[in-house]
Number of protein chains: 2
Amino acid sequence: MDTSPADRGGDLHLDLSAGRARGLGLRAALEDALRGTVREGRLAPGTRLPPSRTLAGDLGVARNTVAEAYAQLTAEGWLTARQGSGTVVAERAVGEGVAAPALPQRTPAARYDFTPGRPDLSLFPRTAWLAAARRALTTAPNEALSYSDPRGRIELRRALADYLARVRGVRTDPERIVVCGGYTQGIGLLCRTLRERGAAAAAVEEYGLPHQQRLVEAGGLAAVALPLDAAGARTDLLAGLDVGAVTLTPAHQFPTGVALQPARRAAAVAWAREHGGLVIEDDYDGELRYDRQPVGALQALDPERVAYIGTASKSLAPGLRLGWLALPADLVEPVTRQKLLADGHSGAFEQLTLAEFITSGGLDRHVRRCRQHYRRRRDLLLARLAERAPAVRVTGLAAGLHAVLQLPPGGLSERELLQQAAWLGLAIHTTTGNRAPAAGPRPDGPPALVIGYGTPPDHSFPAAVEALCRLLTL
Amino acid sequence: MDTSPADRGGDLHLDLSAGRARGLGLRAALEDALRGTVREGRLAPGTRLPPSRTLAGDLGVARNTVAEAYAQLTAEGWLTARQGSGTVVAERAVGEGVAAPALPQRTPAARYDFTPGRPDLSLFPRTAWLAAARRALTTAPNEALSYSDPRGRIELRRALADYLARVRGVRTDPERIVVCGGYTQGIGLLCRTLRERGAAAAAVEEYGLPHQQRLVEAGGLAAVALPLDAAGARTDLLAGLDVGAVTLTPAHQFPTGVALQPARRAAAVAWAREHGGLVIEDDYDGELRYDRQPVGALQALDPERVAYIGTASKSLAPGLRLGWLALPADLVEPVTRQKLLADGHSGAFEQLTLAEFITSGGLDRHVRRCRQHYRRRRDLLLARLAERAPAVRVTGLAAGLHAVLQLPPGGLSERELLQQAAWLGLAIHTTTGNRAPAAGPRPDGPPALVIGYGTPPDHSFPAAVEALCRLLTL
């Protein structure tokens with residue numbers, strides 16, 4: 001227990017007033033407070049107490065009073081005097097502290113995890129990130145550590161405006177960017193802003209992140225499902241839906257993997273213009289494409305009608321909790337106000353680090369490396385499937401972190417498939433599981449799997465693919 | 001412009017499909033796309049374009065096609081060929097990009113800033129923090145970089161449970177702690193949870209953070225003012241207010257500086273028990289006390305009726321945006337759900353760093369240093385005031401980052417005082433400015449200043465105090 005901060009002269013809060021109020025003398029009140037502290041488990045067994053001189057100074061009492069109180073509690077068995085290491089909390093001291101709440105237990109981790117939407121975290125460039133953090137924090141002015149612009153640090157907004165223009169074709173300006181806590185917070189800020197402006201509902205894609213509809217509803221809007229087909233979301237149907245906004249994944253629909261076709265892109269923007277609506281573009285994995293002709297951001301078609309949301313969760317790490325909005329001019333002020341009310345602004349240190357990481361070229365290098373890595377994984381997955389389960393059809397773009405596997409008719413039902421997967425130690429997701437509740441039940445048909453090939457660690461990836469092939473040939 | 005990421009082979013998004021759709025050939029479509037990119041300002045003047053070989057590879061076209069397109073745009077003046085440094089965007093290329101939105105201008109920074117609630121940021125232990133970040137990120141498992149428990153990293157929740165018990169007497173458990181984006185997000189999560197449970201209103205202290213009432217209202221609750229007197233908030237009046245919760249600053253009322261007296265503490269908890277209410281304890285500067293008998297957390301009186309909120313904003317830096325809730329057991333699940341909807345969880349990297357910083361004793365060391373620093377500042381302020389403006393009465397505990405200066409009757413009005421302060425280059429705040437709107441106008445009387453003596457940088461602190469003394473003797 002030599003690492004306890006109390007060892008190095010840390011604080012120990014002791015309230016003598018309760019004992020004093022009950023008429024106890026100074027020493028008795030101190031003993032009472034110390035006893036309570038140990039009994040309640042506030043100090044773990046083995047924790048070293050401050051030297052009597054230090055505690056006496058803190059409490060403004062004579063050193064002897066503290067020494068006597070320590071001796072008394074040692075006699076009572078609460079404390080132990082250790083040769084050369086002062087007084088420590090005795091091992092027997094049991095807490096009568098507060099009970100932990102009963103929370104739903106998490107399911108144990110599967111052996112082979114194909115949960116979609118997660119990057120391979122072993123790729124995270126820890127050394128380069130720490131170097132960027134050092135450069136950023138060493139050179140940042142003091143005011144960067146204080147409360148700042150709710151939109152985020154200007155250094156990051158500038159870096160993002162350049163990066164998004166160059167890499168995703170986004171037409172924006174640092175003044176229109178709001179840094180936020182991932183896509184989750186970004187969509188929440190937008191929905192609350194829209195509700196404030198009188199919107200009552202937003203369209204969500206028929207298939208999408210399981211969380212998506214809940215986020216829209218938590219933002220105060222009703223969610224209405226927008227059908228999908230092979231050309232992407234049916235934006236041609238928006239005019240009939242009576243919604244104030246639509247969330248889309250134009251570059252790479254999640255989970256189906258299709259790209260929103262040009263006519264559908266045009267229809268989305270035309271709807272927004274005619275009906276005063278807002279298109280919310282979720283560009284979650286726009287940088288991770290393996291084809292040669294990347295699809296640029298829909299936002300470029302009309303920066304005043306499309307709010308762009310990007311994230312570091314796929315290109316870097318979800319744990320960073322960094323996302324960004326590129327907003328129409330008239331939404332900047334109200335979304336900034338929502339951000340101020342939500343949490344003031346996002347953490348400045350990570351923002352400064354990401355800004356440095358982008359401007360020094362670290363993000364470009366990292367994304368290139370990731371692309372090669374995921375492309376190799378995808379190629380391996382496809383090759384093994386073609387060999388072992390040729391009836392399975394892989395659909396969706398050659399992009400991002402997931403593939404959709406359409407199973408042939410006549411095989412296992414979805415329920416049987418999920419049961420068998422659990423037996424094989426496989427965590428798999430289906431398109432049904434990524435269906436918006438507002439869309440109603442999925443039409444009948446053979447199951448389709450959404451395979452996140454970024455999730456398994458490198459060493460177990462081949463074995464995970466083998467287990468998947470076994471499942472598909474049952 | 002040698003630092004542009006594009007120089008090092010970064011991505012350049014070019015959409016040839018628009019030109020192709022208009023019937024252009026490959027080279028013409030490429031020229032069209034490049035021209036648009038430069039014209040819209042997506043590439044700043046001086047930015048170097050990728051070598052033709054690289055871009056050709058990315059686009060899947062012949063290298064010659066790219067070289068010819070570069071030559072054509074150079075001829076048109078959009079690009080410049082530089083000896084030995086490839087092709088760069090010409091200086092004349094003007095953007096027709098998006099316009100920046102018109103936002104309210106911030107007032108220029110004052111020469112001497114006494115804004116309350118801000119630590120002296122020159123004290124922030126950058127080196128020790130970076131060292132903790134390095135240790136934390138180097139040793140963290142990969143899963144720490146992924147999505148995690150909405151309550152926050154277990155490493156930090158454990159460290160906080162120990163620290164809060166030891167330093168503030170908080171009775172909690174890591175399972176009951178939710179890490180959040182500062183006090184701002186914490187109060188929001190609580191208010192939304194209470195509203196979901198049917199609460200309609202919360203009491204706020206008559207004087208408090210200007211933001212406080214807005215945060216409660218943004219969380220969906222009406223704010224009702226609770227009067228203050230010399231013994232702190234009038235918690236004895238809570239039963240008459242018809243509220244579901246009350247927010248208090250028991251250790252050091254903001255801004256008046258009084259400590260909530262024992263009878264008022266008992267009354268708050270008794271009200272919560274009898275009426276099923278919740279006490280929200282805002283312990284914003286609990287560690288920063290210069291007196292010898294610190295006031296422990298009210299939460300310890302009844303951990304099932306008091307939700308404790310702490311923050312790193314005063315003890316470390318507001319820019320970190322890290323706060324924490326220690327919750328009653330029955331609030332853990334619903335508050336965790338609100339956190340999940342708000343932003344998933346707080347940034348893992350900063351959480352791991354803070355956990356390492358606490359367990360290695362860095363926070364204790366830093367807080368001790370801050371205390372000495374602020375105590376010296378406070379002593380200097382008091383000594384100068386006693387000398388120069390003896391009629392001014394300094395009230396409030398010897399704690400935290402601010403003092404309240406009661407001006408004698410018969411002097412300047414509050415409005416005159418603020419005008420004169422502006423002339424002297426002083427940013428000062430008054431108790432009136434920190435009055436909850438729900439409390440109605442402040443009763444008549446001479447003005448009282450809330451002087452944040454943590455805010456000025458060290459080198460200008462004596463001059464700032466002199467300017468303040470000048471103001472007070474006008």
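Please read all numbers here as calculations on a predicted model, not as lab measurements. In what follows, chains carry the letters A, B, and so on, assigned in the order in which the sequence lines appear, proteins first and then strands, with residues in each chain numbered from 1.
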**Q.** Under 3.5 Å: donor-acceptor pair, side chain of A/Arg126, backbone of B/Leu137
**A.** yes
Q. A/Ala300 versus chain B, heavy atoms under 4.5 Å apart: side chain, backbone, both or neither?
A. neither
Q) Taking all atoms of both residues into account, what is the closest heavy-atom pair of B/Val167 and A/His13, and its distance? A) O-CB, 2.8 Å
Q) Of the listed residues (A/Gly347, A/Ala218, A/Gly169), which shares the most heavy-atom pairs with chain B below a 4.5 Å separation? A) A/Gly169
Q) Which bit of B/Ala161 comes within less than 4.5 Å of chain A, counting heavy atoms only: side chain, backbone, both or neither? A) neither
Q: Indicate the atoms forming the closest heavy-atom contact of A/Ser313 with B/Tyr147, along with that distance.
A: CB-OH, 3.7 Å
Q.
Shorter than 4.5 Å, heavy atoms on both sides: which option in A/Asp120, A/Leu130, A/Asp173 has the most such pairs with chain B?
A. A/Leu130
Q. Which one, A/Pro262, A/Ala329, A/Ser146, leads in non-hydrogen pairs under 4.5 Å with chain B?
A. A/Ser146
(Q) Quick check on A/Arg337 against chain B: is it the side chain, the backbone, both or neither that has a heavy atom closer than 4.5 Å? (A) neither
(Q) Between A/Thr37, A/Leu331, A/Leu340, who has the most heavy-atom pairs with chain B when the cutoff is under 4.5 Å? (A) A/Leu340
(Q) Quick check on the interface: out of B/Leu320, B/Asp162, B/Thr127, B/Leu215, who has the most heavy-atom pairs with chain A under 4.5 Å? (A) B/Leu320
Q.
Heavy-atom pairs under 4.5 Å with chain A - which of B/Gly188, B/Ala342, B/Gly182, B/Pro303 has more of them than the others?
A. B/Ala342
Q. Relative to chain B, which segment of A/Arg214 carries a heavy atom at a distance below 4.5 Å: side chain, backbone, both, or neither?
A. both
**Q.** Listed once per pair and sorted, the side-chain hydrogen bond (donor to acceptor under 3.5 Å, both in side chains) pairs that draw on residues 341-352 of chain A, sequence neighbours left out
**A.** A/Gln185-A/Asp343, A/Lys339-A/Asp343, A/Lys339-A/Ser346
Q: Over all heavy atoms of both residues, which pair between B/Thr184 and A/Gly344 is shortest? Give the atoms and the distance, please.
A: CG2-N, 3.9 Å
Q) Given the options B/Thr138, B/Leu164, B/Leu145, which has more heavy-atom pairs under 4.5 Å with chain A than any of the others? A) B/Leu145
